[in-house]
Undergrad: 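My questions will all concern the structure given below.
Residue numbers start at 1 and run along the sequence shown.
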Amino acid sequence: MPASSTGHGTSRTRSWWGWGYTDSHPDDAECVAMGALLPGTLARPLPIPRVADLAIARPGVAPPSSLAHLVSTDPEVRAAHAMGKAYRDIARALRGRPGRIPDLVAHPTDDREVADLLEWAGGQGVAVIPFGGGSSVVGGVEYRGDTHGAVLSLDLTSMDRVLEIDTVSRSALIQAGALGPVLEKQLRPHGLTLRHFPQSFEFSTLGGWLATRAGGHYATGRTHIDDFVQSLLVVTPAGSSTSLRLPASGAGPSPDRLFLGSEGVLGVITEAWMRLQERPRHKASASVAFADFPGALEAVRVIAQSDLSPANCRLLDPGEALLSGASQDGSSVLVLGFESATGRVDDRLAGALELARAHGGRVGAPTAKAGTAPAEGDGPADAAVSAWRSAFLRMPYLRDGLARMGAVVDTFETAATWDGIPALIDAVRDEVGSAALKATGHPATVNCRLTHVYPDGAAPYFTVAVAGRPGDEVCVWDDIKAVASDVLHRHRATITHHHAVGRDHRPGYDLQRTEPFALALRAAKDALDPHHILNPGVLID
């Protein structure tokens, strides 16, 4: 992908095949060192894939002259829009099998151009895949199948402006193609923030967050992007929909709820009025170590059911704590953080630490920061908190390095009520670990952390790492993922908490949703996308 493609003033080059920036990828020596930790991996890393080595067919369709200035047929641009950033995407790229590469990539600059592109595509039977930052980890931005003769990737990142800020109501009208840093840069002079910081913050857009009902970094309170929406503008093949901007309404089913999480199958979200917050000035954080994981779970439940509302309440099991450098002694680690724009948060942190101690926790040295407008994420913290944060941001790059060593490394997340959480975690560790051993002949690492907590439940997030079968890594992961999905369904846990459905989660989603709702969704699809060109295969057929 060309330099400056992220749209926020950087000359760094985005990787077309892997996570993030090319200059942050592990080098060969680091890949080998990581591979040594997983018995059975390759002796040397697979080479970094090149677009020049791909068999990219000539475009099967040409746009009309009125739209040609919006469209690129450049092979590198097309390859960069062929997949998301899931493990199976990385593994396919490393083996030179990226799947169907779009014929065209369009970069509209306004709603009219989006509508014109959809009208042309509908008339030609061209599949349209809405594309933001391309960070999907569920197969949400690729085309699978052969129903359509040509594929257009609709990249919205040229629509990246904050159009209007209402400081009285503390909200802003923002174009959907704004990447996280682009959006926050425009809000910062006003002392405001959207306060939505997913791990993909640098490489994902507002429209992508809305279309996938993305979850942010914060563990309690407003955890999903849904909570920040005042109104949406959506361009569909049947016309544009602009909902009334309101703080709340009881006027029938919400039109915004129809498009939130619709993953581009009903229309293209182009603008949104979003609720903002003052930028936090006061932060405090600490870590708590637990010798007993069940005790740690109980402590987190009690904290979640208090009125303390921590910004961060992330529990790492012993394996996850070791992997991140937060603990070396087999302890589970709870990372706690509080923040506020109006007053100090030390008392709230102290209250949470008291609850943690009551359940066997050993508290690290709390730290605090006040009086400044900090960068996104946590403020200063003890060593465990700092180690966790560094590992959190680095982990996708390390995953790609391990993939180059032939390892199968990926994650999946879910949510369930507290009464089922312990049994769910045990079942995933046992059954997914057994499935990985059966598929590869090698023992697997299956770690767990809680990323979001609620009074009635939590979101466990699992990491799986095992040496793969050379050349067959994608099939290995698909087999493991099928077992994981079955475990989640049997334990009445959701197929996804915040990573959307895409194509990879479709079987689990079909089991989770009710048939009357599926019937209504199909009817909405028929009405809004009569030619069925929008993101075929996602959510519904």
Side-chain angles (χ1 to χ4, degrees), residues 217-221 223 280 282-340 342-370 374 377-392 415-426 429 447-461:
H217 165 77
Y218 295 99
T220 65
T223 61
H282 305 273
K283 293 192 174 189
S285 59
S287 66
V288 186
F290 292 85
D292 176 60
F293 186 71
L297 283 176
E298 185 66 9
V300 173
R301 181 186 67 80
V302 171
I303 293 170
Q305 292 175 347
S306 72
D307 61 356
L308 295 171
S309 298
N312 196 5
C313 186
R314 199 163 299 230
L315 177 62
L316 317 177
D317 75 0
E320 194 75 11
L322 178 64
L323 186 66
S324 68
S327 173
Q328 305 293 327
D329 63 0
S331 297
S332 299
V333 175
L334 172 61
V335 178
L336 283 169
F338 290 83
E339 65 177 39
S340 171
T342 57
R344 297 188 65 85
V345 293
D346 309 72
D347 289 347
R348 288 161 58 198
L349 176 60
L353 294 178
E354 182 178 349
L355 293 175
R357 287 191 187 94
H359 291 83
R362 306 187 309 276
V363 177
T367 61
K369 181 177 183 179
D378 292 322
D382 64 19
V385 176
S386 297
W388 164 79
R389 176 167 171 75
S390 296
F392 177 74
T417 52
W418 282 114
D419 61 315
I421 289 288
L424 169 65
I425 294 175
D426 287 346
R429 285 173 174 157
N447 294 333
C448 177
R449 64 184 184 268
L450 300 188
T451 60
H452 301 75
V453 295
Y454 306 93
D456 54 344
Y461 192 112

Undergrad: Let me confirm one number: the CD1-CG distance from I303 to L353, rounded to the nearest 0.5 Å.
TA: 7.5 Å

Undergrad: Do you know which two heavy atoms are closest between I425 and C448, and how far apart they sit?
TA: CD1-SG, 4.0 Å

Undergrad: Tell me which pairs pass salt bridge (Lys or Arg N to Asp or Glu O under 4.0 Å) where either residue lies in residues 290-301, with sequence neighbours left out.
TA: E298-R301

Undergrad: Tell me every residue that passes side-chain contact (heavy atoms from CB on, under 4.5 Å) with A299, counting only those two or more places apart in sequence or in another chain.
TA: F290, H359

Undergrad: Could you note down all residue pairs passing salt bridge (Lys or Arg N to Asp or Glu O under 4.0 Å) where residues 316-328 supplies at least one of them, sequence neighbours left out?
TA: D317-R429, E320-R449

Undergrad: Please check if the side chain of Q305 supplies one atom and the backbone of P455 the other of a donor-acceptor pair under 3.5 Å.
TA: yes

Undergrad: Only counting residues at least two apart or in another chain, list the ones meeting side-chain contact (heavy atoms from CB on, under 4.5 Å) with A458.
TA: W418, I421, L450, V453

Undergrad: Is there a donor-acceptor pair under 3.5 Å between the side chain of R314 and the backbone N or O of V335?
TA: no

Undergrad: Can you check whether T220 reaches H452 side chain to side chain, under 4.5 Å on heavy atoms?
TA: no

Undergrad: For S340, check side-chain hydrogen bond (donor to acceptor under 3.5 Å, both in side chains) against everything at least two apart and list the hits.
TA: T342

Undergrad: Going by the rule side-chain hydrogen bond (donor to acceptor under 3.5 Å, both in side chains), which residues pair with S331 if we only count those two or more places apart in sequence or in a different chain?
TA: D329, R362

Undergrad: Heavy atoms, side chains only, cut-off 4.5 Å: are H217 and N312 in contact?
TA: yes

Undergrad: Is there a side-chain contact between L334 and C313 in this structure, where contact means two heavy atoms from C-beta onward sitting under 4.5 Å apart?
TA: yes

Undergrad: Does V288 offer a backbone N or O that forms a donor-acceptor pair with the side chain of R357 under 3.5 Å?
TA: no

Undergrad: Return the OG to CG distance between S332 and L316, rounded to the nearest 0.5 Å.
TA: 8.0 Å

Undergrad: Please find the pair of heavy atoms, one from L315 and one from A296, that lie closest to each other, and give the distance.
TA: CD1-CB, 3.7 Å

